Each structure stands twice: as C-alpha cells, then as structure tokens.
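Written below as structure tokens is the structure these notes are about.
Naming: A, B, ... by sequence-line order, numbering from 1 per chain. A quick note: this is a predicted structure, and the numbers were derived from the prediction, not measured.
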Amino acid sequence: MDALHADEDTLARRRARRRRRSSEADEATATLDLGAPMTLRARDLDRFERTSSGATTSNECHAKSRRIAPSTSGRSPSEMNTLDLERNAATFANAFGVDAAAVVSPGNAGVDPYRAIVRCAEKFCIDRDGAEHSIEDVERAGEEEDEAADDSRAVALTSASLMEGVRAFFVNFTKKRAEALGNALIRMGGSVCERADDSVTHVVACEESSALTKALESIDREDVVKITPEWITESYKQRRPLPVSATNFEPRTRVAVIADRPHSQEAATSSGDSKALAVRVRKERENALAIRRSSGFGTIWTSDLADNEKLEKSRSKFSCQPGEHNEKAMPIECNTKVADLLKGMADIYEDALRDQYRAKQYAAAASALRSLNFEITSINDCDVVPMLKKKDGKIRKYVGEILNTGKLKALEELRARPDVKACLELCGIHGVGPVTARSLFAKGYATVADLRARAPENLLTPAQKIGLKYYEEFKERIPREEVGFIATAVREAANTFQKDEVHCYCVGSFRRGKETSGDIDVLVECRDYSLANELLMHILSDLRPGGTSPRSGILTDDLLVGDHTYMGVAALLKPLKDDDDKPPIHRRVDIKVYDSESLPTALLYFTGSDKFNRSMRLWAKKKGFNLQDKGLFADRSQAQASRVRAKGEEDVFDALGLDYVPPEKRNV
DNA sequence: AGGCAATACTG
DNA sequence: CAGTAT
DNA sequence: GCCT
C-alpha cells in the first residue's frame with residue numbers, strides 16, 4: 001500500500017506542476033483539490049457518508065449528489081415521489097441542455113425515474129452529438145421509442161405530437177428516403193399524402209424544380225408551405241416544431257472547402273451563402289472530387305483518375321463501408337469456435353510474439369468469420385471471405401484444421417509455453433505491453449500475483465502500478481447505464497466551467513450503441529481552445545476526491561494527465577441500484593478536449609471502432625488525404641492550409657467519397 | 001519487397 | 001528514443 | 001500473414 005501511495009504522490013506532484021503552469025483562476029480550484037488527502041477513495045467517502053457522521057460539507061455534498069444519484073436510499077425506485085423526479089429532471093436538464101419536461105411527464109408516471117433519466121441521457125449522448133443527423137437516425141429513434149414504450153415513455157414523450165396537423169407531400173425523393181422521412185413524420189403525429197391535393201399542408205423538397213412548382217400550383221390553399229427535409233429532422237432533434245415560413249425553404253447545401261487561399265477562406269467561413277462552392281449532399285459521391293477540381297484545388301489529386309477508379313472499385317472492401325458481407329451480417333454470431341481459436345492466435349502474436357501485423361491478420365480473420373451470416377462447414381466456405389480466398393493461405397489451412405479436428409495444434413503448442421502464458425497475463429495489466437511483459441517474465445515474474453507479492457518499488461511505472469491494482473476490475477465490462485452515468489458526471493463537471501461554452505459527448509462503444517463497454521470515453525468540445533487545459537483541470541478538480549461538488553470523488557486515480565488529454569480511473573460513489581451492496585467497480589475513463597473545428601473528426605475517431613478507424617484512415621491515405629482526430633487534411637500534412645472544413649461527421653465521409661455510416665454500424 | 005493509421009505522453 | 005496507449 |  002505504501003508503494004501505491006508514494007506513486008500517487010508522484011502523480012499528485014505532477015498534477016500540481018501542470019496546474020502551476022496554468023492560469024491563476026485555475027489555481028483557485030486546484031487549492032480545493034489539494035485541500036484533502038489524495039488517498040481518500042470514493043468507497044471511503046461513501047462509507048463515510050453512510051455512517052452519517054460527516055461534517056457539514058460532506059452532508060451538503062451528499063444531499064446534492066442524491067439529486068443526480070440513481071435513487072433515494074431506503075425506498076424502491078417506484079416509490080420515489082414526483083418531487084424527487086422533478087428535481088432529478090431539473091438536474092438532468094441542466095446538465096444536458098434538454099427540456100426537463102422530457103423527463104417529467106404524464107407518460108412517465110410510475111416509471112423508475114432513474115431509468116427515465118438514463119434513457120434521456122443515452123438519448124442525449126447518441127442524438128445530440130453535434131453531428132449532422134440523417135433521417136435514418138431519426139427513424140431509428142422512432143423505433144426505439146416503440147420498443148421502449150412498455151417500460152418507459154421518457155424518450156417518446158415530446159415527439160409524439162410534434163407534427164400534429166402536418167400533412168406532407170414529398171417531391172423528388174427516392175422511394176426509400178421518402179418512406180423514411182414519412183415514417184418519421186408519422187411517428188411525430190403527422191401524415192403523408194400520396195398526391196398533391198388540397199389536404200397537403202407541407203411540400204417537402206430539397207431544391208427548386210419544375211415538379212415542385214407543379215405540386216405547389218395544384219394545391220389550392222393559402223397556407224401551404226415548402227420545407228426541406230431538415231425541417232422535419234431538426235424539429236425532431238430539438239423536440240419542437242421549428243418556425244415555418246415560406247422563406248425558410250432553401251436547398252440543403254454543404255460546403256466542403258479547403259481553406260488555404262483567401263478566396264476559399266472566405267467561402268468556408270460564410271458557409272451559408274457560398275453557393276458557388278456549395279454542393280448538395282445527396283448527389284453522387286463524385287461530387288466531393290468535382291468540387292475540388294472545379295475550385296482550383298487540383299493539386300490534391302496527384303494520382304490520375306484511372307487510379308482513382310480502381311480504388312473506387314475496392315471501396316466495399318474497406319471495413320468502414322457497408323460492403324456486401326458487412327451489410328447482411330449480424331443477425332446471430334456465427335463460427336464462434338473457429339473465431340475464438342483464431343483470436344487466440346492473434347492475442348499470442350500480439351502479446352507474446354510481438355508481431356502486431358500477423359496478430360492483425362488473425363484477428364481480422366476471426367472477426368470476418370464471426371460476422372458471417374452462416375456457419376461454415378467446409379474449407380470452401382472460406383471463399384466468401386476475401387482474405388481467406390487463397391488456397392495456400394496459412395489461416396485458411398488453420399480454419400480447415402479446426403473444421404476437421406475441432407482443435408488447432410499450433411495454438412495449443414503456443415499456449416503450453418510458459419513464456420507465452422505469462423506474457424498474455426502480464427499484458428492484461430494496463431501499461432504493460434509485449435516488451436515489458438517479456439522483460440518481467442525474464443526477471444522471474446510470470447503472473448499478476450507474482451508482481452503483487454514481490455515486485456520491488458521501482459519495477460513498475462506509476463501507471464502500471466494502478467493497472468496492477470485494478471487488474472481484475474478493469475477486465476469487467478461496464479453496463480451501458482453506468483457508462484452513461486459517469487459520462488454525465490463529467491458533463492456536469494464541465495458545465496460548471498464558466499469561461500467558455502462547453503459540450504460533452506459520450507463516445508466509444510457507448511456511442512456505437514453497445515450494451516456494455518470496456519471503458520468510458522468522454523469528448524469535450526471547448527470553443528476557445530486556449531482554455532482547453534484550464535477546462536480539463538477544472539473538470540478534474542470537480543471530480544477528484546476532496547472537492548465540494550456533488551461529484552467529488554468519482555475519479556479515484558490518474559494514469560496520465562496531458563494538456564488536453566486525461567486518462568484515469570473512476571468509480572461510482574454509490575451503486576446504481578439500491579439493493580446492490582457490492583462496492584462500485586473501478587473503471588477506466590478517458591477525457592479529451594477538442595476545439596470546435598476538430599470536433600467532427602475527433603468524434604469520428606473516438607467513436608471507433610479501432611478497425612473502422614484504421615480502415616477509414618487507410619482509405620483517406622489512398623485518396624491522398626490525412627485523416628486524424630484533429631482534422632481531415634487534403635494532403636499528407638496537417639497544415640491548417642490543407643484542412644478540409646467539416647461541420648459534422650457526415651462532411652468527412654462526403655469529402656472522402658464514402659457513404660455515411662452511423663455510429664451503430666461502425667462495430668466492425 | 002514493403003506496407004500495414006496516426007498520434008500523445010512517459011521515462 | 002522505445003514503449004504503451006488511444 | 002496477406003496484399004499490391
């Protein structure tokens with residue numbers, strides 16, 4: 001224990017050093033942080049509170065935290081009275097910028113208020129991510145509402161009658177899109193008309209056209225309005241019908257401009273009216289290319305068009321695109337046995353044999369087989385997987401062996417090796433990679449238990465010691481609700497920052513819709529990036545033990561504190577469910593601060609998945625771009641001059657000539 | 001034969 | 001710089 | 001280990 005404390009001291013000193021570098025205002029909050037012993041853990045705090053022997057500040061803290069806490073202790077959730085719910089709702093609304101009425105509502109009576117809030121929180125994190133939303137998103141949200149109807153109306157509440165009295169006629173849409181928009185509209189209480197007759201109140205179109213004019217002429221009523229699909233989707237997003245006037249119709253435009261020369265800079269900043277450079281979204285993906293060619297940015301396309309066509313043809317092979325295999329996959333998980341064994345090989349190559357590229361191949365094969373929609377029974381079934389096509393491929397042979405014998409000899413031999421066994425276990429410690437693992441094994445440490453029992457003080461780095469301490473806890477998956485809850489705490493902490501407007505996004509597998517996550521990723525948007533470090537420190541002070549906020553103590557350890565990056569450990573102050581007397585599990589938390597400009601690419605990056613990212617970056621690279629978390633650049637540099645402006649994630653896909661893939665479909 | 005994503009932080 | 005992480 |  002002493003060793004661990006000493007390391008925490010080291011970290012504390014480093015934090016203090018960083019803080020000293022930052023502004024004076026921050027100094028003030030830092031004082032609060034350091035005012036309490038750093039060793040006070042969330043669990044201790046909780047115990048402290050439960051014995052109700054706390055000092056005034058602690059009681060206050062407790063009282064406050066109760067408002068955001070799952071439910072009031074001693075009562076079952078359903079017994080919680082309306083006042084509690086309203087208070088919860090108010091806190092939630094404040095934290096999320098969501099209408100409190102969405103939580104407190106007639107439909108919500110008798111529903112566990114905590115669940116209602118979590119649902120809204122999820123809704124927030126997925127929906128209000130600041131990116132552009134396709135109608136598919138809205139439609140999906142509608143489906144979720146239907147599914148959730150039996151146990152909670154929290155999400156559906158305000159949208160059900162949003163479009164009451166709206167009768168829409170769609171002009172110039174593909175059948176699929178019109179249907180999607182129509183369904184969304186119907187879910188919001190509106191209706192769709194097949195013909196342009198006098199019952200139509202809203203004509204929906206993307207741009208002026210003769211068909212639009214004709215439709216408007218054949219509707220004989222004064223109050224008919226023409227709107228864009230965005231009116232529907234935006235109204236849904238904001239949970240209120242946006243103002244409709246005859247003037248709000250404007251073709252949906254999108255600017256994908258590289259701001260290097262003065263004229264294009266101008267165009268980029270006044271995106272709304274830069275019609276010359278603007279281009280409609282839904283046109284062919286060639287558009288992005290066309291824009292840049294016609295805008296005098298020809299240098300981007302160093303490769304000739306033939307090359308480009310070739311690349312274009314291989315597009316569906318990139319796992320960041322819904323190729324044939326990815327598309328219909330997923331109803332059930334198949335080929336578990338084969339995939340698990342191949343994954344076993346991958347892990348060994350990665351952690352013990354230090355061959356990341358071989359590892360990647362095995363992992364890719366495993367994942368490809370897992371996501372097939374049928375069970376392979378013969379080696380020839382491998383033909384549908386591109387990377388297993390070649391008859392003499394090694395992995396293909398292994399698959400054959402597994403199909404025939406049910407075993408993989410090579411894997412069993414590797415697993416029998418003591419060094420392999422040790423490296424696999426040791427690499428499970430956060431901060432220990434293949435090299436350290438091997439060196440530890442060479443020094444005579446083969447297991448986590450060995451290290452805990454007899455590792456000398458200076459053997460491990462501070463971060464590794466924390467990894468060791470929470471070895472078992474970090475392996476636990478985190479339920480979605482808990483991810484949402486901790487992310488909410490971060491968001492609330494960020495919202496107490498007064499100097500700049502701040503938005504938070506819960507990303508990672510949470511944003512991809514997963515029921516459980518391995519860690520919690522929170523992305524913070526700071527408009528004035530010069531305040532980024534100050535903001536990050538502010539958030540940390542709020543969440544660390546010894547502070548005065550209701551969230552104080554949620555962060556228990558730091559792994560890394562950078563200027564715009566935080567990696568650490570968090571645990572709930574109290575269990576989510578009242579009847580759960582197990583102490584909360586410690587979780588990995590990442591917080592990253594970005595400026596508004598790089599938000600779309602940062603979202604893209606931290607939403608993952610890993611494989612999706614790598615694939616998309618590879619594609620970008622082949623197109624001559626450079627895709628990073630900080631932005632998309634039109635050449636291999638990251639010079640501001642070559643930055644491709646993006647308002648949302650969709651713009652990034654557009655610019656790269658890729659079809660937009662919503663977060664839930666990035667689980668490749 | 002050479003590439004396989006691209007970056008931040010630590011010691 | 002190598003190592004680990006995202 | 002697979003792809004170009």
Categorize [X] for me: base, sugar-phosphate, or nothing, with a 4.0 angstrom heavy-atom threshold over every strand shown.
X	result
A:N626	sugar-phosphate
A:K592	nothing
A:D610	nothing

Pair A:K623 + A:E312, salt bridge at N-O below 4.0 Å: yes

Check ion pair A:R438-A:D419 (N to O, under 4.0 angstrom): yes

Of the nucleotides [options], which one has an atom closest to the side chain of [X]?
X	options	value
A:Q361	B:dC9, B:dA8, D:dG1	D:dG1
A:H430	C:dA5, B:dG11, D:dG1	C:dA5
A:R358	D:dC3, C:dT6, D:dG1	D:dG1
A:K621	C:dT4, D:dC2, B:dA6	B:dA6
A:L618	B:dA5, B:dA8, C:dG3	B:dA5
A:T436	C:dG3, B:dA5, B:dC9	C:dG3

Using only side-chain N and O atoms of [X], determine if any of them is under 4.0 Å from OP1 or OP2 of [N].
X	N	value
A:R636	B:dA6	yes
A:R588	C:dA5	no
A:S615	B:dA5	no
A:K360	B:dA5	yes
A:K389	D:dC3	no
A:Y357	B:dG3	no
A:R617	B:dA5	no

Protein-nucleotide distance ([X], atom [atom1]; [N], atom [atom2]), rounded to Å:
X	N	atom1	atom2	answer
A:Y605	C:dT6	OH	C1'	4 Å
A:M616	B:dC4	CE	C1'	18 Å
A:L311	D:dC3	CG	P	17 Å
A:Q356	B:dC4	CD	C1'	8 Å
A:L408	D:dG1	CG	C1'	14 Å
A:F633	B:dA6	CZ	C1'	12 Å
A:Y362	D:dC3	OH	P	13 Å
A:H564	C:dA5	NE2	P	23 Å

Atom of A:P434, atom of A:E350 and distance for their closest heavy-atom approach: CG-O, 3.4 Å

Minimal non-hydrogen separation, A:L460 against A:K465, with atom names: O-CE, 3.5 Å

Inter-nucleotide C1' distance (C:dT4, B:dA5), Å rounded: 16 Å

For DNA chain C, the residues among residues 335-349 of chain A that have a non-hydrogen atom under 4.0 Å from it: none

Check: A:R477 and A:E515 side chains under 4.5 Å, non-hydrogen atoms: no

Beyond-backbone contact of A:E476 with A:R587, side-chain heavy atoms, under 4.5 angstrom: yes

Ring geometry between A:F474 and A:H430 (parallel below 30°, tilted from 30 to 60°, perpendicular above 60°): perpendicular

A:R617 NZ/CZ over A:Y605 ring centroid, <6.0 Å and within 45° of normal: yes

Cation-pi, A:Y398 ring and A:K394 (6.0 angstrom, 45 degrees): no

Aromatic-base stack, A:F606 on C:dT6, cutoff 5.5 Å, angle under 30: no

